[in-house]
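Presented below is the structure to which this report refers.
Scope of the values below: all heavy atoms of this structure, side chains included, with no hydrogens, waters or symmetry mates. In what follows, every chain begins at residue 1, and chains take the letters A, B, ... in the order their sequences are listed.
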There are 2 protein chains.
Amino acid sequence: MSEEVIWLRPEHAAVGRPAERSRAEITAAAIGLADREGLDAVSMRKVAAELGTGAASLYRYVANRDDLLDLMADATAAEYELRPPSGDPLADLGVLGTRSLAIMRRHPWLPTLVLTRSTLGPGGADLLEHFLTVVDGLPLDATAKMEGFALLQGFIAMYAHHEAGAEGELMRRQTAYLAHVAGDGGHPRLAAVFAEAGDTGADRFPGLLRRVLTGLLGDIGA
Amino acid sequence: MSEEVIWLRPEHAAVGRPAERSRAEITAAAIGLADREGLDAVSMRKVAAELGTGAASLYRYVANRDDLLDLMADATAAEYELRPPSGDPLADLGVLGTRSLAIMRRHPWLPTLVLTRSTLGPGGADLLEHFLTVVDGLPLDATAKMEGFALLQGFIAMYAHHEAGAEGELMRRQTAYLAHVAGDGGHPRLAAVFAEAGDTGADRFPGLLRRVLTGLLGDIGA
DNA sequence: AGCCGATCGGGTACGGTGTTCGCAAACACC
DNA sequence: GGTGTTTGCGAACACCGTACCCGATCGGCT
């Protein structure tokens, strides 16, 4: 029944009783739920309740929960506003990365999905095509371009993931522990880092993004 | 009860009935289970069964399942064989990254944990200290060094994660879909990538690692 | 107009999960 | 030897993803 990715399976059958809902509608409900209460709240029952129906009904639209997560992740790609390349790949990738971060800030659950199951649907494919267009002139082979795309997406997801958890309880505990270890005498460099501290509110993203990009492009066009 | 990270809580009480097991023993059982059957198989019941006891008993050693996952991830850091810096940071980071990849290949579940909850325990702290020692002479501020550590770990986890799933069913479906999209006429660059193909078995890791590292270190010392 | 074939809707049920509660058992110490 | 404290762990709870089944509902054909 589900031997292929969901986007290769027909959404509705051609004959029989017509469906009352659509994949898009269910995806929207799931995204709203995740935005409000986090990814763990996206259970089949809760999404179904959001639509005023029962959990079993969702399986008419989606083979399993992972399919739904894939739909959610791919749907966010519609929030890009892809512009034709300007001719300056580094600048274009900077803009692309910034947009990506903005989207992930809007959907705090997205980094987790990107990092653990990076599935590409129609939206992801369009995004990938755009990326390939931007890096078209660069002296990179096909594999390197694909690696670049994955690496860029992954890096931004990591940044957003970290940023989203920065104010959370887990991060508080982590720094508390590292501070503890830094004071045990056996980790002088770590202690030095804590001393230098300097958690100035400056946004580190642009600089980091540039570093990653220069690494990606093989230090051309800096 | 569990306001702090598990490594800041005493493993055993000083008085009363002595415990029959240890965190290390439980961690080892969980790691064995994960190595054999994957991370999803690491349920409290299954881990307990591995030790010939009941699920509830584990909660005397661990506050919840996430604590156990943190213990597992940190325990793998013991598999590093950290050597004193040679004076060539780029080379040292190269061997460090290679070791990291080897460990993640041994424990296919590790990348997921590193990517989603990058908690540092005693092992992670030692690793971080080692990293800081290696990059000590470089003209980077404290924040940049910490970012470099996170980025390096994250990148290697992504690589290992992708590599582990390369032969799997999900990846097969993904490429099947992308091939389908590449043939729809609307994604010429993607089609070009498929045409260039060239999935030669060459190991891409060393080159990729070098790229990421040069990006990290601000293109010094290449 | 009426039937028929096929799909949809969704209640119910199954097996599994993380976690809490409560109590009996086991030890260290006075 | 009693006592205080901790551990071991079966039972129970709430929730999860998912399979099954059957009545409801439609389009197309006769």
Protein-nucleotide distance (L58(A), atom CG; dG17(D), atom P), rounded to Å = 10 Å
Salt-bridge criterion met for E50(B) and R36(B) (N-O under 4.0 Å) | yes
Expressed in angstrom and rounded to an integer, what is the separation of E50(B) atom CD from dC9(D) atom P?
-> 15 Å
Cationic N near anionic O, under 4.0 Å, E4(A) to R9(A) = no
Residue pair G148(B) / F131(B): nearest heavy atoms and the distance that separates them = C-CZ, 3.8 Å
Just say parallel, tilted or perpendicular for the rings of Y177(A) and W7(B), cut-offs at 30° and 60°.
-> tilted
Between dG17(D) (P) and Y61(A) (OH): distance, integer Å | 19 Å
How is V47(A) classified with respect to the nucleic acid when contacts are heavy atoms under 4.0 Å: base, sugar-phosphate, or nothing?
-> nothing
Tell me: NZ of K46(B) to C1' of dG18(C), nearest whole Å?
-> 13 Å
Donor + acceptor pair across side chains of W109(A), D35(A) (<3.5 Å) = yes
Distance, rounded to the nearest Å, where L68(B) contributes CG and dT19(C) contributes P = 10 Å
On DNA chain D, nearest-nucleotide positions of D40(A) versus A19(B): which is more 5'?
-> A19(B)
Check whether any side-chain nitrogen or oxygen of S57(B) sits under 4.0 Å from OP1 or OP2 of dG8(D), and answer yes or no.
-> no
Flag side-chain contact, heavy atom, 4.5 Å: R21(B) against T53(B) = yes
T175(B): partners by side-chain contact (heavy atoms from CB on, under 4.5 Å), with sequence neighbours left out | none
So does E169(B) have more than 12 non-hydrogen atoms from other groups sitting under 6.0 Å from CD?
-> yes
Select base, sugar-phosphate, or nothing to describe what S43(A) touches, counting heavy atoms under 4.0 Å on all strands.
-> sugar-phosphate
Report, as a single string ordered 5' to 3', how protein heavy atoms within less than 4.0 Å touch nucleotides 18-30 of chain D: B base, S sugar-phosphate only, - not at all.
-> BB-B-BBBB----
Find the bend of the helix from dA1(C)-dT30(D) to dC30(C)-dG1(D) as the angle between its two terminal axes (five pairs each), to the nearest 10°.
-> 10°
Identify the heavy atoms of M44(A) and L68(A) that sit nearest to each other, and give their distance.
-> SD-CD2, 4.4 Å
